[in-house]
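A short write-up of the structure that comes next.
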Amino acid sequence: MQHYTHITDLKNLHKTVQEAIDLKENPLQFEHLGKGKTICLLFFNNSLRTRLSTQKAAQNLGMHTIVMNFGNEGWQLEYEDGVIMNQGKAEHVKEAAKVISQYCDIVAIRAFATLEDKEKDKREEVLTNFIKYATIPVINMESSVGHPLQALADAITLAEHLPAGMAGKTAHRLKVVLSWAPHPKALPHAVANSFVEMMQLQDAEFVITHPKGYELDKEITKDTTVEYNQEKAFADADFIYTKNWSCFTDYGKVISEDKNWMITSEKMSKTNKAKFMHCLPVRRNVVVEDAVLDSGDSLVIQQANNRTYAAQIILKKIVESN
Ligand code: CP
């Protein structure tokens, strides 16, 4: 694997999930692989899980890590070609990416959507310019469009918590629902997009539910079923994956904070004893009721744990093929 920027970069999702589960049994078994290698984690936005789990994953492979909070510590980068740089941006990505490539063997980047300019966000300019100008492998730690490390951790978590009797069999009866939930702030689409792309690779019934107007990018959802009635969508579900996202058509706007879409234990009781999933961080009693999050059916902590093994299997594949 050269870069990991989308879940579709994996040759085989199911095989990778199994490899990650095996790795989890003995996380230090490949400690020799990263010896003498360095990964540089560049954060243009905040993080808890991504930063610590990727650092832990690198450490498990014997790799050194350099972390830079680029957003408030680095020079402001210019991405456009041919610009007269007489304004606020001090350095062009052409130099920055090449310089960073001399200090490390892999670079991982977190750069969220601006939610101001849809076309610019769709171009994923930070990520794509690093791929263009860096001379080392690039990992997406959440771009304006996707969060493939999260999606891989989610796939691992799904595989580990299949309903009794389904593990090891074809999962054609499995039902997974991605439900929008209210949030006071405009949030990006990246987690939802990558979850959709990951689910499109699964042999399961998959339904997205959200209020009208919150349709995700059709180029990503393709022919995935959308059910505007949350109660109907939840019927017979085995997993409820919850996430807020802002409007995609009226780009970046919060067009509804409808509290009726919050995940409650009453709604969960209408499912097939579904497990609750969320990538975190989550706003309690806004997105999801305490009772759901604190119940034995919540997998959010296990999901966060799997971020380490998702990152580790990706790093392992990159080190082995470069
Ligand atoms: N889920 C996730 O990416 O968490 P952080 O934003 O804390 O890294």
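Predicted, not measured: the structure shown is a model, and the values here were computed from it. Each ligand, and each atom within it, is numbered from 1 in the order the structure gives.
If you look at Leu280 next to ligand 1, the close heavy atoms, those under 4.0 Å, all belong to the backbone.
Looking at atom 6 (O) of ligand 1, its nearest protein heavy atom turns out to be Arg110 NH1, 2.8 Å. Atom 7 (O) of ligand 1 has as its closest protein heavy atom Leu48 N, 2.7 Å. Considering only non-hydrogen protein atoms, atom 2 (C) of ligand 1 sits nearest to Arg307 NH1, 3.4 Å. Atom 4 (O) of ligand 1 has its closest protein heavy atom at Arg49 NE, 2.9 Å. Remark: minimum distance from atom 3 (O) of ligand 1 to any protein heavy atom is reached at His147 NE2, 2.8 Å.
In summary, Glu119 and Arg123 do not engage in a salt bridge, as defined by a charged side-chain N under 4.0 Å from a carboxylate O. A salt bridge does not link Glu31 with Lys35: every distance from a Lys NZ or Arg NE/NH1/NH2 to an Asp or Glu carboxylate oxygen is 4.0 Å or more. Note on Asp294 versus Arg284: salt bridge recorded, some NZ/NE/NH1/NH2 to OD/OE distance being below 4.0 Å.
Every N/O-N/O distance between Pro281 and ligand 1 stays at or above 3.5 Å. In terms of polar-atom proximity, Asn46 is not counted as a contact of ligand 1, lacking any N or O under 3.5 Å from an N or O of the ligand. Of the polar atoms of Arg51, none of the N or O atoms is found under 3.5 Å from an N or O of ligand 1, judged by distance alone.
No donor-acceptor contact under 3.5 angstrom links the side chains of Asn306 and Gln302, judged on distance only. Side-chain contact, Gln150 with Asp154: a donor N or O sits under 3.5 Å from an acceptor N or O. Side chains of Lys185 and Asn244: no donor on one and acceptor on the other come within 3.5 Å.
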